2 protein chains.
Amino acid sequence: MSEPARPQRRNEIRQQNETLILQAAEKVFAEAGFGGATMQLIADLAGLPKANLHYYFATKEELYRKVVQNIFEIWLHAADSLDNAPGPIEGIGAYIDAKMEISRRHPDGSKVWASEVMHGAPVIQDYLETTLRDWTAGRAALIQRWIDEGKMAAVNPEHLLYMLWATTQHYADFGHQIETLNGGPLTDAQWLRAKDSVKAMILRGIGAV
Amino acid sequence: MSEPARPQRRNEIRQQNETLILQAAEKVFAEAGFGGATMQLIADLAGLPKANLHYYFATKEELYRKVVQNIFEIWLHAADSLDNAPGPIEGIGAYIDAKMEISRRHPDGSKVWASEVMHGAPVIQDYLETTLRDWTAGRAALIQRWIDEGKMAAVNPEHLLYMLWATTQHYADFGHQIETLNGGPLTDAQWLRAKDSVKAMILRGIGAV
DNA sequence: TCTTTTCCTGACCGTATGGTCAGATTGAAG
DNA sequence: CTTCAATCTGACCATACGGTCAGGAAAAGA
C-alpha cells in the first residue's frame, strides 16, 4: 500500500493534525464565539496538548482566521449552481438547495461566519471588499439579465441575494431556536419540507413560474 | 417643577444609572460578544467606575441576562401589528415594516439576540420553550386561518415565520456586510427600498395580492 | 549508525479579567 | 443637626488565559 491507513509520514502528520485542530476550532468558535473560545478547549476537543496547537498555529487569531477563510471558500463554491443555469427557476432553485445543504451539514461554519460579520468583520473585511463585492456584482448582473429577458419579475437583485442568504443561513445560525420550536432536530422529511417551502415562497416571490 | 431636568432624587439615580449601564452593555455585548465583552469596557462607555457596575448588577451574567430580556420584550411587542389585521397583506406587511424598523433602530439588540441563540440560548432557553413557543403557535394558527379563508397561498406557516425573522433581522445582524457591499450606510431612500423589496417579494411569495 | 530536521509537551510567565471590600460621600428622615 | 440607609469608588485579590521555552522523542537523510 502506498497510502497506509495509520501512517506517520511527515507530510501526513502535519496535514492530519492541522485539519483535526481546524475542525475542533470551528466547533468551539461556533459555540463560544471568538472571545469565549479558549485554546485549552480547542486542544481538549482535538485531543492534543495546548502547546501543540501553538506549534501549528502561532496565535489564536491565526487559527481563527484560517477557520473563517475555510468557510468563505465553501460559501463561494456553493454559487456554482447559480451560473450556467438557463433561468431563475433552475439557477436560484439549485442555489437554495446548495445553501440549505450547507446549513445542514456545516452549521458551525455558518455560525462562525455570522459571528465574524456581526462583530464588524475584523478579520475578513478585505474579503468583503474585494471577493464578495465582485461576486455579488456578478450575480446581481446575472439576475438583472434574467429580468430583462422576462424570465422573472423586476425585483431588486441585491435585496434578492440578501433574502437568499438570510433565509438559508437562518436554518444554521438559528438552528437552536428552530429545534426548540420544533421539539427536536429536524428530520430528513422536515429538512425536505423546509427546502421546498423556501424554494416555493422565493421562486413565487420573484415571479419565476 | 415636580420633575426637574438634572435631579439627584434617589429613585431617579437608580433608574438613570441602570438604563445607562444597560445601553452601554447592549452595545459592547453586540460588538464583542459575551466572551469578548469586559466589564471595564462597559463601564468606560457608561462613564462609570467598574465597581459601580457591580453595585447595580452583581455579575456579568446578570447584566447580560437583563440586556437579552429587554430585547425579547421589544421583539414580542413588534408582533402586535400582525394581530387584528384583516388579512395577510395588511398584517404581514405591517409586521415586516415593524421588524425592519427595529433592525434599523436597534441593530445592537438584534445582534445580541442572534448571538445568544447561536450559542445555544444558555440564558433564555426557558423563554424559547414557553413564551416564544406559544407566540409562534398562535401566529401560525392565524396564518393558517388566512390560508383556509383563501386569502393567501397554502404555505407552511412556521417556515413563513422563519423567513420573516431571517429576512428582516438580516439587515441588522449582517448590517456590516450590507454596508460594505453598499459602499456605506443605507440612506433613508435605500432603507425604504429595502423594506419595499422585502414586502413585495414575500407578499407575492405567499400569494397575497 | 550518526546527523539533522521536524514534531511534541510539561512547566512556566505576564497580563487581563471578574469580582470583592472597606471606607467615603450623599441624599432622605426625624 | 443627627442619624440612617443608599450610593459610590480606589485598591486589591484570585484565577484563567494566551503564549513561551527548553528539552525530549521520532522520523528523514546520509
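In this text, all values refer to a predicted model and were calculated from it rather than measured experimentally. Here is the naming used below: chain letters follow the sequence lines, and residue numbers restart at 1 for every chain. Excluded from the calculations below are hydrogen atoms, water molecules and symmetry mates; all remaining heavy atoms, backbone and side chain alike, are included.
- For the pair Gln16(B) CD and dG27(C) P, the interatomic distance rounds to 13 Å; values are reported in whole Å.
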Trace of the side chain to side chain contact (heavy atoms under 4.5 Å, CB included) decision for His159(B) with Val155(B): CA-CA 8 Å; His159(B) 291 298; Val155(B) 303; over 6 Å; no

Residues Trp165(B), Phe174(A); criterion ring-ring contact (aromatic ring centres under 6.0 Å, His included); working and verdict: CA-CA 10 Å; Trp165(B) 296 341; Phe174(A) 289 76; 8.5 Å; no

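- At whole-Å resolution of the value, CG in Asn11(A) and P in dA26(D) are 20 Å apart.
- Side-chain N/O atoms of Arg14(B) include one lying less than 4.0 angstrom from OP1 or OP2 on dT7(D).
- Ring geometry, Tyr127(B) versus Phe72(B): the interplanar angle exceeds 60°, so the pair is classed perpendicular (tilted spans 30 to 60°).
- Ring planes of Tyr95(A) and Trp135(A): tilted class, angle from 30 to 60°.
- The CD atom of Glu18(A) sits 12 Å away from the C1' atom of dC7(C) (whole-angstrom rounding).
- Phe57(A) does not carry Lys66(A) over the face of its six-membered ring by the limits of under 6.0 Å from the centre and within 45° of the normal.
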Contact pattern, 5' to 3', of nucleotides 8-21 of chain D - B, S or - by protein heavy atom under 4.0 Å: SBB------SBBBB

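- Protein atom CZ of Phe57(A) is 12 Å distant from nucleotide atom P of dC8(C), rounded to whole Å.
- Classification of Asp83(A) and Arg139(A) as a salt-bridged pair holds, one side-chain N sitting under 4.0 Å from a carboxylate O.
- If you take CD of Gln15(B) and P of dA6(D), they are 18 Å apart, rounded to a whole angstrom.
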